[in-house]
Amino acid sequence: MRPRKIRNLTTRRENCTDLRIPYTLESFDFRTNEENENFFNIEEIFGREAPLVMEIGCGKGQFVCEYAKRNPDKNIIAIECVPTVLVEACERVKEEKIGNIRFLEMRAEYLSLFMKEKSVTEIYLNFSTPYPKNKHECHRLTYKDFLNIYKRLLVDDGFIAQKTDSQCFFEYSLESFSQNGFVLSEISLDLHKSDFEGNIVTEYEQKFVNQGLPIYRVVAKLK
């Protein structure tokens, strides 16, 4: 589905400059970028030292905003590659006056060029696009190439938490995690009928629950 157009996108993005992490990428070709690492100074970005959390694919920011309110002692980077969606998330943070979130307009493939090794404590993958066709497997955020990026970024006791409404994608992810050095826990085949506490409902999640669909969840930790 194509993202809808929104009015005054350029102006609205400029108004959120203080929340967006700037970066320069000379080329989108990894063959020319792999040695051009220019790591973010996270302490400088947030003005403090604190555990760093990421949500990859933050959408309009419902999850990350609530997570930030519940965890004011953590720094949070919300990643989204669709500009029209990202600007709405930024505006929500401004409206709710949340101080511990910054946004990164980037595809997940490039994170290792800008993030230091063992710098992230938690990664959240909430309702990522499942890409159900086999020929699109490499675009799934739990594909082995992405997992290698996460493994590089995570601290030794860090973890990935995934939620999805897609049974096929969930089963794929469980297998991919297991085959690529992760130990699985907190596996739920119907999250909203489980005894899990502290769940933060996302925009997509609420829609799927209203349709009576089960929500799948898993936590993956490095071995």
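The model shown is predicted, which means the values in this text are computed figures rather than measured ones.
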Any side-chain donor paired with an acceptor under 3.5 Å for Tyr216 and Glu171?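 Their side chains do not contain a donor-acceptor pair, so the 3.5 Å distance test is not met.
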
Donor-acceptor contact below 3.5 Å, side chain [X] vs main chain [Y]:
| X | Y | value |
| --- | --- | --- |
| Ser128 | Leu125 | no |
| Arg70 | Gly198 | yes |
| Lys151 | Asn180 | yes |
| Ser178 | Leu174 | yes |
| Asn8 | Thr11 | no |
| Ser119 | Lys116 | yes |
| Thr121 | Leu52 | yes |
| Asn100 | Asn71 | yes |

Picking from Glu105, Glu91, Glu80, what satisfies salt bridge (charged side-chain N to carboxylate O under 4.0 Å, His left out) with Arg20?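 Result: among Glu105, Glu91, Glu80, Glu105 is the only option passing the salt bridge (charged side-chain N to carboxylate O under 4.0 Å, His left out) with Arg20.
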
Could you walk me through whether Glu122 and Lys74 pass salt bridge (charged side-chain N to carboxylate O under 4.0 Å, His left out), step by step? CA-CA 10 Å; Glu122 305 166 27; Lys74 296 180 181 180; 2.7 Å; yes

Can you get from [X] to [Y] by hopping between Ile, Leu, Val, Met, Phe, Trp and Tyr side chains that sit under 4.5 Å apart?
| X | Y | value |
| --- | --- | --- |
| Val64 | Ile56 | no |
| Ile149 | Val155 | no |
| Ile123 | Tyr172 | yes |
| Ile98 | Val201 | no |
| Leu189 | Phe177 | yes |

Kindly compute the distance separating [atom1] ([X]) from [atom2] ([Y]), expressed to the nearest 0.5 Å.
| X | Y | atom1 | atom2 | result |
| --- | --- | --- | --- | --- |
| Gln167 | Leu213 | CD | CG | 11.0 Å |
| Arg102 | Ile79 | CZ | CD1 | 14.5 Å |
| Lys60 | Thr202 | NZ | OG1 | 12.0 Å |
| Phe182 | Thr142 | CZ | OG1 | 10.5 Å |
| Glu186 | Ser194 | CD | OG | 10.0 Å |

Any side-chain heavy atom of [X] sitting closer than 4.5 Å to one from [Y]?
| X | Y | result |
| --- | --- | --- |
| Met106 | Leu111 | yes |
| Arg12 | Glu88 | yes |
| Asp73 | Pro51 | no |
| Leu154 | Ile160 | yes |
| Asn38 | Leu113 | no |
| Leu147 | Gln179 | no |
| Ile45 | Ile21 | yes |
| Leu222 | Asp156 | no |

Decide, yes or no, whether a salt bridge links Glu96 with Arg92 under the criterion of side-chain N to carboxylate O below 4.0 Å.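 The answer is yes: the pair qualifies as a salt bridge.
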
Is a salt bridge present between Lys221 and Asp157, judged by a nitrogen-to-oxygen distance below 4.0 Å?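 No, this pair does not count.
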
Sequence neighbours excluded, every pair satisfying salt bridge (Lys or Arg N to Asp or Glu O under 4.0 Å) that has a member inside residues 193-208: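 Pairs touching residues 193-208 that pass the test: Lys163-Glu205.
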
Among residues at least two apart in sequence or on other chains, which ones pass side chain to side chain contact (heavy atoms under 4.5 Å, CB included) with Ala50?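 For Ala50, the residues satisfying side chain to side chain contact (heavy atoms under 4.5 Å, CB included) (neighbours in sequence not counted) are Arg48, Asn75.
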
Test Asn126 against Glu55 for side-chain contact (heavy atoms from CB on, under 4.5 Å), laying out the working first. CA-CA 8 Å; Asn126 292 315; Glu55 183 187 14; 3.0 Å; yes

Has Lys144 got more than 12 heavy atoms of other residues, nucleotides or ligands less than 6.0 Å from its NZ?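 Open.
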
Just checking Gln211: does its CD atom have more than 12 heavy atoms from other residues, nucleotides or ligands closer to it than 6.0 angstrom?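 Check passes, neighbour count above 12.
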
Walk me through whether Val218 and Ser188 qualify under side-chain contact (heavy atoms from CB on, under 4.5 Å). CA-CA 6 Å; Val218 65; Ser188 176; over 6 Å; no

Aromatic contact between Phe127 and Tyr204, with the criterion being ring centroids under 6.0 Å apart: yes or no?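 No; Tyr204 has its ring centre 6.0 Å or more from that of Phe127.
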
Pair Phe63 + Tyr124: ring centers closer than 6.0 Å: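 Yes, the ring centres sit under 6.0 Å apart.
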
Using the ring of Phe196 (Phe, Tyr or Trp, six-membered ring only), decide whether Arg217 places NZ or CZ under 6.0 Å from its centre and within 45 degrees of its axis.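 Satisfied, under 6.0 Å and within 45°.
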
Under 6.0 Å from the ring centre and within 45 degrees of the ring axis: does the NZ or CZ of Arg140 meet both conditions for the six-membered ring of Phe169?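 Output no; distance or angle outside limits.
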
Determine the minimum heavy-atom distance between Cys58 and Phe103, stating which atoms define it.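 Minimum heavy-atom contact is SG-CE2, 4.0 Å.
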
Kindly indicate, with the supporting measurements, whether the criterion side chain to side chain donor-acceptor pair (under 3.5 Å) is fulfilled by Glu66 and Gln62. CA-CA 6 Å; Glu66 180 60 28; Gln62 184 165 311; over 6 Å; no

